[in-house]
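Since the structure comes first, as structure tokens, the remarks are kept for the end.
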Amino acid sequence: VGISEDGSRIYARCMTDTVIAFSASSSLSVLWATPCGYGYDIDPSMPVEKEGVVFFGTKNGLLIALDGKTGRVLWKHRVGETIVHTPVPLDAHRVVVSDLDGRLTLIQAR
């Protein structure tokens, strides 16, 4: 589970393929649900938003970026073959991640 920078959305990464955004208001209504195609996943890393982009890792070494307002998949990048820890975004285009193998990676999207 993660929260948007402005506190208006709560992000939940499901165990099978989907990320859901809820309104952080008392109603907790679903804003969007995006099937991301990562399969069954038990990676405990949190979704993190920076400048409107939500970043999260998977147990299969993927880093995925979504548009925080719409849920649209912006890009996917394979970091390695194992669990990706909670990402540390520097801005909407650059994110630092580490994985269970100890690899530290700076990813820059265009």
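Note that the numbering runs from 1 along the sequence shown for the chain.
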(Q) Surrounding NZ of K69 (heavy atoms of other residues, nucleotides or ligands, distance under 6.0 Å), is the total greater than 12? (A) no
(Q) If you define the side chain from C-beta out and look only at heavy atoms, does anything of F56 sit under 4.5 Å from D41? (A) no
Q. Got V97 and R103 here, is their nearest side-chain heavy-atom distance under 4.5 Å?
A. no
Q. Same cluster for V53 and V84 if Ile/Leu/Val/Met/Phe/Trp/Tyr side chains link at under 4.5 Å?
A. yes
Q: Return the minimal non-hydrogen interatomic distance between F22 and A12, and the atom names on each side.
A: CE1-CB, 4.0 Å
Q) What heavy-atom pair brings T34 and G71 nearest, and what distance separates the two atoms? A) OG1-O, 2.7 Å
Q: Spell out, yes or no, whether Y11 and V73 are grouped together once hydrophobic residues are joined by side-chain heavy atoms under 4.5 Å, including indirect joins.
A: yes
Q. Does the side chain of V19 reach to within under 4.5 Å of the side chain of V54, using non-hydrogen atoms?
A. no
Q: Please name the pair of heavy atoms, one in D91 and one in E51, separated by the smallest distance, quoted to 0.1 Å.
A: CB-OE1, 3.6 Å
Q. For the side chain of D43 and the backbone of S45, is there at least one donor-acceptor N/O pair under 3.5 Å apart?
A. yes
(Q) Quick check on the hydrophobic clustering: are I3 and W32 connected, directly or via other members, by side-chain heavy-atom contacts under 4.5 Å? (A) no
Q: Give the minimum heavy-atom separation between L104 and S98, together with the two atoms involved.
A: CD1-CB, 4.1 Å
Q: Would you mind reporting whether L106 and R94 have side-chain heavy atoms less than 4.5 Å apart?
A: yes
**Q.** Taking every non-hydrogen atom, the tightest pair across Y38 and I64
**A.** CD2-CD1, 4.1 Å
Q. Do D99 and T105 come within less than 4.5 Å of each other through their side chains, counting heavy atoms only?
A. no
Q. Is there a donor-acceptor contact under 3.5 Å from the side chain of S23 to the main chain of S29?
A. no
Q: State, with a plain yes or no, whether a side-chain heavy atom of V88 is found less than 4.5 Å away from one of V48.
A: no
Q. Applying the 4.5 Å side-chain criterion to the ILVMFWY set and letting contacts propagate, would L62 and I107 be lumped into a single cluster?
A. no
**Q.** Euclidean distance, E5 CD relative to K50 NZ, rounded to 0.5 Å
**A.** 5.0 Å
Q: Please test K59 against Y40 for side-chain contact (heavy atoms from CB on, under 4.5 Å), starting from the C-alpha separation and ending with a verdict.
A: CA-CA 9 Å; K59 74 175 180 75; Y40 176 74; 4.2 Å; yes
Q) Just wondering, do V1 and I10 contact through their side chains at under 4.5 Å, heavy atoms? A) yes
Q) Can you find a side-chain donor-acceptor pair between S4 and D6 that sits under 3.5 Å? A) yes
Q. If we only count heavy atoms from C-beta on, is the C36 to R13 side-chain gap below 4.5 Å?
A. no
Q. Looking only at heavy atoms, which two atoms of V79 and L63 are closest? And how far apart?
A. CG2-CB, 4.1 Å
